[in-house]
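As structure tokens, the structure follows; a few thoughts come after it.
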Number of protein chains: 2
Amino acid sequence: MDRGAVVRITDVAALAGVSPSTVSKALNDTGSLRESTRARVREAADRLGFVPDASARSLSARRSFTVGLLSTDSAGRFSLPVVLGAENALVGGELSALLATARHDPVREQHHVRALVARRVDGIIVTGRTTEPREPIKVPMPVVYAFAPSSDPDDASVVPDDALGMRLLVEHLVGLGRRRIAYVGGRAEQAASLVRYVTLAAELAARDLAVVGEPLYGDWSEQWGRRAVEQILAGGLGSGSGSGSEKRDLPVDAIVFASDQLARGGCDRLRERGLRVPDDVAVTGYDDWDVMSLASRPPLTTVDMQLERLGQRAAELLIAAIEGDPARGVERLAPRLVVRASTLGDG
Amino acid sequence: MDRGAVVRITDVAALAGVSPSTVSKALNDTGSLRESTRARVREAADRLGFVPDASARSLSARRSFTVGLLSTDSAGRFSLPVVLGAENALVGGELSALLATARHDPVREQHHVRALVARRVDGIIVTGRTTEPREPIKVPMPVVYAFAPSSDPDDASVVPDDALGMRLLVEHLVGLGRRRIAYVGGRAEQAASLVRYVTLAAELAARDLAVVGEPLYGDWSEQWGRRAVEQILAGGLGSGSGSGSEKRDLPVDAIVFASDQLARGGCDRLRERGLRVPDDVAVTGYDDWDVMSLASRPPLTTVDMQLERLGQRAAELLIAAIEGDPARGVERLAPRLVVRASTLGDG
DNA sequence: TACGATCAGGAAATCGGATTCCTAGTTTCC
DNA sequence: GGAAACTAGGAATCCGATTTCCTGATCGTA
């Protein structure tokens, strides 16, 4: 392209017949200039298509007007919406976003951190793949952790309020008259699996109910969702599966899955066993990942963690910190209950 | 954090007992210095944790060592891997990636383009949501279009080779002895739907075969995949669906779906109709989107467009262009056939 | 009329490195 | 032994915009 065509402030100054400093003042609405002069400069500027050089600007401003988005993950299903939400909010603050994905590699992460420091980013948003707390990074600028909180409670973190999400589900299910509720989690050691179970148990206990059977843990796949359903059904019937009268003996009237993927698998298997969702068994998912929650038959009642908003919130906190008003501690963002046919029938 | 702690080159110079210019030379391996001096400077530098200010560096280098990743899309399923692949390749070239998502809004896109120009990015990679050609952007630096090519054939674009992908599928299916092949596309007006059909038809014709029936177009949902299967089965049987002997009269022995989502829906419906995949009907998808292709029952034979590699390739072309060796025209990246149980049984 | 106050706009310093140009020392070679 | 050829490293300039400081002109008021 027309490489040499970069317009400098002196070019504008020449065209407008003023000095470079006047151009700067005119375009930034500073200093004291006659309005006619400002107008003349502005016209010259956009006649030439002048766009001030950000490097020069940040050199003297001692600010880069850039923030780093450091993703432990390769920006997967969870961190991606967070990153997008953040990027979106940053644009409003006239900030640009430097993308840095570490792909779980500490060496790469370190490299990225150095690069961000070299660029003198005004701040950094760190996201992770899971809600497990992570080691904080050490940098000379404000940092906000999103989705995966910092293990240092003094750092600023924004995480989805999983407990509240589960509370909403319990209220919903119990409100529908469901009483015998089983739980299917993902990987046993992950916070998402555990927190959701613990909250479920506590909320049921508060209503003089209890989780049916032990919590079932496996992985986060649809296949495990299917198998878990079999275990639950088997639990109520002994091993033989006499068809037909199954419904009479159902050990549960609702199953809470820790993710939409699990729930979708669960719905499939329930249907294949001749059971109706939600008439015989209500099902709930978690995440509101549309590819799963909407494609499921029936579509899933689930919890939307509002990850985009979470990223946006992280950006807001970061901007505040950059402007000298840093936050401390973990902020929990309220999720949204999404009711669909897997609990409400065709309603 | 320790805001004031930013180390400048003069600090290093002072500690090492040399001048700033000597520090610069020592750290960049330029100029002529005694090795002992270089060592002394290096030590001082990392004792202080000196990281040169990128703004200052790019101001004098007249290069930002930054490239823009402009995504028309909100970095969705297709553009995301491209973006990640690109970011990954850029890191190798010591370049940072500025993320800019336009979300289909021309105003936002224009805003982002201005911001990228202001930052004097060394180049821009533009990605889109579909493979539809798009309007080029006008900027004074090299641009490479990835996934969605530029409508100007003189621009550099990298796109997946859909025709080759379909050719691989046809070879595979025909090699397995399948002869009566139907096609199910997504949205009728999209290049992905059309190119795949046209290539399928041509490849079959080259083997004295023809696509069974008309190509079926709908949307990209699983639901449409299921419905399409019904249309295909109905086509061979009249309207009444006498169960049991269905297999005798099957109008097809394979269905090529234009996406994994469609194919997964298709598999579900085939199974629900009592047909076995692939014994009765082989099924192929497209995209190798693991959430679909692996979760499908059976797992899908499909085509991996290698979008990460595509992004990587775009980055390579961009880097070459930045270094003065620009490419022209559309480069098609070979996809990879992924064979799974939906055509090969348990093999 | 004169003097201080206000105002418009220019000159120069600054941001932090990179790079070009010099200048003392040190070698080399005749 | 002296001139030419290197060497090591410092001083100064530059990148492009912002910002401070300053000057000349205009205005207001006694």
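If you're wondering where the values come from, they're calculated on a predicted model, not measured in any experiment.
- Under 3.5 Å, the side chains of Ser96(B) and Arg119(A) contain a donor-acceptor pair of N or O atoms.
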Could you give me the CA-CA distance, side-chain angles and deciding distance for Ser24(B) and Ser21(B), then say whether side chain to side chain donor-acceptor pair (under 3.5 Å) is met?
CA-CA 5 Å; Ser24(B) 175; Ser21(B) 46; over 6 Å; no
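- Between Ser58(B) and the phosphate of dC15(D), there is no side-chain N or O to OP1/OP2 separation shorter than 4.0 Å.
- DNA chain D is contacted by both Ser19(B) and Leu59(B); Ser19(B) maps to the nucleotide lying nearer its 5′ end (nearest heavy atom per residue).
- Val23(A) places none of its side-chain heavy atoms less than 4.5 Å from the side chain of Pro20(A).
- Residues passing the salt bridge (charged side-chain N to carboxylate O under 4.0 Å, His left out) test with Asp161(B), sequence neighbours excluded: none.
- Protein atom CG of Leu27(B) is 15 Å distant from nucleotide atom C1' of dG9(D), rounded to whole Å.
- Between the CG atom of Leu33(A) and the P atom of dA8(C) there is a distance of 7 Å, rounded to whole Å.
- Put simply, CG on Asp11(A) is 14 Å from C1' on dC15(D), counting in whole angstrom units.
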What donor-acceptor contacts under 3.5 angstrom involve side-chain atoms of residues 137-148 of chain A, with partners at least two apart or in another chain?
| unit_1 | atom_1 | unit_2 | atom_2 | d |
| --- | --- | --- | --- | --- |
| Tyr145(A) | OH | Ile137(A) | N | 2.9 |

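- Applying the 4.0 Å criterion to OP1 and OP2 of dC7(C), one finds that Arg34(A) has every side-chain N and O outside that range.
- Side-chain nitrogen and oxygen atoms of Arg62(B) include none within less than 4.0 Å of the OP1 or OP2 phosphate oxygen of dA18(C).
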Is there any protein nitrogen or oxygen under 3.5 Å from a nitrogen or oxygen in nucleotides 17-19 of chain D, and what are the pairs?
| unit_1 | atom_1 | unit_2 | atom_2 | d |
| --- | --- | --- | --- | --- |
| dA17(D) | OP1 | Asp53(A) | N | 3.3 |
| dA17(D) | OP2 | Ile9(A) | N | 2.4 |
| dT18(D) | OP1 | Asn28(A) | ND2 | 3.3 |
| dT18(D) | OP1 | Arg57(A) | NH1 | 3.1 |
| dT18(D) | OP2 | Ser24(A) | OG | 2.9 |
| dT18(D) | OP2 | Asn28(A) | ND2 | 3.3 |
| dT18(D) | O4' | Ser60(A) | OG | 3.1 |

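- Minimum interatomic distance between Ile322(B) and Gly123(B) (heavy atoms only, all atoms of both residues): CD1-N, 4.2 Å.
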